[in-house]
Q: 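Just dropping this structure here.
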Amino acid sequence: MAFDINRIKEEAEEDYEEAWLDSKELIESKGKLFSLEGKGSTHPLFDLLQEIRQILVKLGFREIVVPTLIEEDEIYKQYGPQAPVILDRIFFLANLERPDIGISDEKIDQIKDIIQGFDSPDELKTIFKKYKLGEINSDDLPEVLMTELGIEEYQATALLSLFEEFRELKPVPTSLTLRSHTTAGWFSVLQQIQQREDLPIQLFAVGPKYRREQKLDKTHLYESWTASLVIMTEEMSLEDGKRLTEKIMDKLEFKKVNCKIKRATSKYYAPKTEFEVYVKHPETGEMIEVGDAGFYSPVALARYDVSNPVFNLGIGLERVLMIREGVEDIRELIYPYQYQEIEPTDEEIARMLEIKKEPKTKAGEKIAKKVKKTAESHKDEPSPCEFEAFEGEVNDAKVRVRVIETEEDKKLVGPAGFNEIYVYDGNIVGVPPEGWEEYKFLKKARDNGINTGITYMDAFAALAASRIEEAIQKGEKKVKVRVPIVKSLGDLNLKLGKSARRYITNNKKRIDIRGPVFTTVLAEVG
């Protein structure tokens, strides 16, 4: 059941703790109310990650984990005098320094308003001191207060809210950074591994990098994923590096690759050895950089006591994916829930259309089947008429169910009673099972659309059975369920997922299931 979010926000604004405590009543604690649906899928970025991992392993590279947190002085060791410029695009990490918390007499009086009979100021001072010294984890502090002071959770939260010191905490910068390129971690890794393995050393790592871009746009993100490889060996040429790059790109389905030497070389590369890797976007024809490669500078390597040449290649996986998928905006691929327009297929819309109220018992399911079968067998019988659909027990109650039509000069079931629901070109349409060939749109829906497998009678019979179950629970003796003319999904006991409904509305598609059903079920209990 959906929450009343406006009410919740208002109550939280007035008294957060009370609103939070009351929210417990909104969550069911017992009952088998949910089971997973078959909605599993993978993200295309991680499909590509798996693909390139397998490519590099088969080529002879070994996968390792490269550090993500890098000390600032590592950047100076790698870039030399260029480091300050590089640091401008790097995210620095900060800490919150734990405050000294004093407990005045006034504060004790305030605590007594929350905790009646509070007489443990010394114990509270000890807890705050241990917190300051790091002997208590921040997320454990409320629980420690509850345990040591013998108070309730809401009291612990209210107590902490009295101390301004917690609200006035400010981040304090550290020298620790998030890596802006995998290379920042490779140097220290190679320094250690060269002492453990014989040459050649062939390693790769796949992981995120974090860059403080000046702007976020269709080709730039704060966080992006890179496949990075290094080769440490006695002899290797720049031509060898280019050939290897082209081979890897070929296995990623790029037959034409442009490896272009950069005019200005990054200082962690040797002069005139850094090259960028470009491939053409299939839709725009634009040459887009997808990788960067080169030989690490012997100066930088010497600072890590590495004496052999090291070739490095980094491939931007989001850009590779963007080009392979023919998408122009990288954000649509990586964050589709935020940037991509909702464009479900007809098959997806069909899966999002469901019967709203269904029987919950085996007997109820049997009633629904019997109602549909009875209506189908006698749909053209002239009225007034009635036909028994079910007689038996439901939850120890005797139940008799009939399908009836009391008005004269009609039929048991109206003309639309057995219409089928199709999805065609984003539209939801009620289609008669036969005839109506002169209506081109209906014919196209029947011939080319997706049949949801739901008929009007399916939805009506499920509603009737569900209402009968509810009546038995309430002790009611008679139940009458009737659907006259259908105008909307709700009239027919159907519901549609929000995303599909939003797509249909925003794209001026239509939901047209209008039609005369004129079917009545009468049930007698007891």
Side-chain angles (χ1 to χ4, degrees), residues 1-2 33-41 336-337 340-360 364-365 367-369 371-373 375-376 379 413-436 439-467 469-470 481-519 521:
M1 182 182 296
L33 305 178
F34 173 78
S35 58
L36 291 171
E37 297 182 3
K39 294 183 175 182
S41 65
Y337 50 84
Q340 194 177 79
E341 288 293 326
I342 299 172
E343 293 186 6
T345 64
D346 286 352
E347 290 88 347
E348 289 170 334
I349 294 174
R351 287 197 294 270
M352 285 187 261
L353 183 68
E354 300 176 327
I355 293 175
K356 189 174 182 179
K357 297 190 72 172
E358 295 190 272
K360 298 178 180 178
E365 292 174 1
I367 289 173
K369 290 178 182 177
V371 166
K372 180 182 178 182
K373 185 176 180 180
E376 191 169 17
K379 63 180 187 295
V413 178
F418 287 90
N419 281 7
E420 299 170 314
I421 300 177
Y422 281 76
V423 181
Y424 172 65
D425 191 27
N427 302 283
I428 296 177
V429 190
V431 180
E434 57 187 9
W436 298 72
Y439 291 87
K440 292 182 180 180
F441 186 77
L442 290 181
K443 187 176 187 306
K444 287 181 179 179
R446 184 188 290 150
D447 293 344
N448 304 313
I450 301 299
N451 191 334
T452 64
I454 300 173
T455 68
Y456 289 19
M457 192 55 62
D458 288 325
F460 170 71
L463 176 63
S466 177
R467 290 266 181 86
E469 288 179 334
E470 291 172 359
V481 185
R482 179 172 174 79
V483 175
I485 294 177
V486 171
K487 297 179 180 179
S488 66
L489 294 175
D491 294 338
L492 199 54
N493 185 36
L494 293 172
K495 61 180 179 180
L496 181 64
K498 289 182 181 179
S499 58
R501 189 178 289 277
R502 189 180 302 117
Y503 168 76
I504 290 171
T505 301
N506 292 347
N507 291 275
K508 297 182 179 178
K509 302 293 183 178
R510 57 178 169 159
I511 300 174
D512 190 354
I513 61 168
R514 293 171 295 172
V517 176
F518 291 114
T519 304
V521 164

Q: Quick one: CG on D512 to OH on Y422, what's the gap to the nearest 0.5 Å?
A: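 Atom-to-atom, D512:CG and Y422:OH are 15.5 Å apart.
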Q: Find the distance between OH (Y424) and CD1 (I450) and round it off to the nearest 0.5 Å.
A: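 Reported value, rounded in 0.5 Å steps: 11.5 Å.
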Q: Can you tell me how far the CD atom of E376 sits from the CZ atom of F418, to the nearest 0.5 Å?
A: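 E376 CD to F418 CZ: 5.0 Å, rounded to 0.5 Å.
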Q: Where is the tightest heavy-atom contact between P359 and S466, given as atom of each residue plus distance?
A: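 Nearest heavy atoms, P359 then S466: N-CB, 4.3 Å.
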Q: Flag yes if more than 12 heavy atoms outside K509 fall under 6.0 Å of its NZ atom; otherwise flag no.
A: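 Yes, because the 6.0 Å sphere around NZ of K509 holds more than 12 heavy atoms from other groups.
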Q: Are any of the side-chain heavy atoms of D491 and V483 separated by less than 4.5 Å?
A: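 They are not in side-chain contact.
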Q: Do E348 and R351 have side-chain heavy atoms sitting under 4.5 Å apart?
A: yes
Q: If I compare all heavy atoms of L442 with all of G430, which pair ends up nearest, and what's the gap?
A: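 What the structure gives for the nearest pair is CD2-O, 3.8 Å.
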Q: Holding to side chain to side chain donor-acceptor pair (under 3.5 Å), I want the full list of residues that pass it with K487, two or more places apart in sequence or in another chain.
A: none
Q: Considering only NZ, NE, NH1 and NH2 on the basic side and carboxylate oxygens on the acidic side, decide whether K357 and E470 come within less than 4.0 Å.
A: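 So K357 pairs with E470 through a salt bridge.
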Q: Is any side-chain heavy atom of L353 closer than 4.5 Å to one of I421?
A: yes
Q: I'd like to check K372 versus D458 (side-chain heavy atoms, cut-off strictly below 4.5 Å). Are they in contact?
A: yes
Q: Check whether any side-chain N or O of R446 sits under 3.5 Å from a backbone N or O of P432 as a donor-acceptor pair, and report yes or no.
A: yes
Q: Can you give me the closest heavy-atom contact between V413 and T519, atom names plus distance?
A: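 Minimum heavy-atom contact is CG1-OG1, 3.5 Å.
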Q: List the atom of E420, the atom of P433, and the distance in Å for their closest heavy-atom pair.
A: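 Between these two residues, the closest heavy atoms are OE1-CA, 4.1 Å.
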Q: Minimum heavy-atom separation for L489 to L496, with atom names?
A: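 Taking L489 first and L496 second, the nearest heavy atoms are CD1-CB, 3.8 Å.
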Q: Hey, could you give me the CD1/CG distance between I454 and L492, rounded to the nearest 0.5 Å?
A: 9.0 Å
Q: What distance separates D346 CG from I428 CD1, expressed to the nearest 0.5 Å?
A: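 The distance works out to 9.5 Å.
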Q: For S488 versus I513, what's the shortest heavy-atom pair and its separation?
A: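 Taking S488 first and I513 second, the nearest heavy atoms are O-CD1, 3.5 Å.
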Q: Are D425 and K444 ion-paired here, with the side-chain N under 4.0 Å from a carboxylate O?
A: no
Q: What distance do E358 atom CD and E365 atom CD have between them, rounded to the nearest 0.5 Å?
A: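 That separation rounds to 8.5 Å.
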Q: Any cation-pi pair here, R510 with F441, using under 6.0 Å and within 45°?
A: yes
Q: With heavy-atom distances below 4.5 Å as the criterion, would you say the side chains of Y503 and I349 are in contact?
A: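 Contact flag for Y503/I349 side chains = yes.
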Q: Around R482, counting heavy atoms of other residues, nucleotides and ligands shown, do more than 12 lie under 6.0 Å from its CZ?
A: yes
Q: Contact between I355 and K495 at the side-chain level, heavy atoms closer than 4.5 Å - yes or no?
A: no
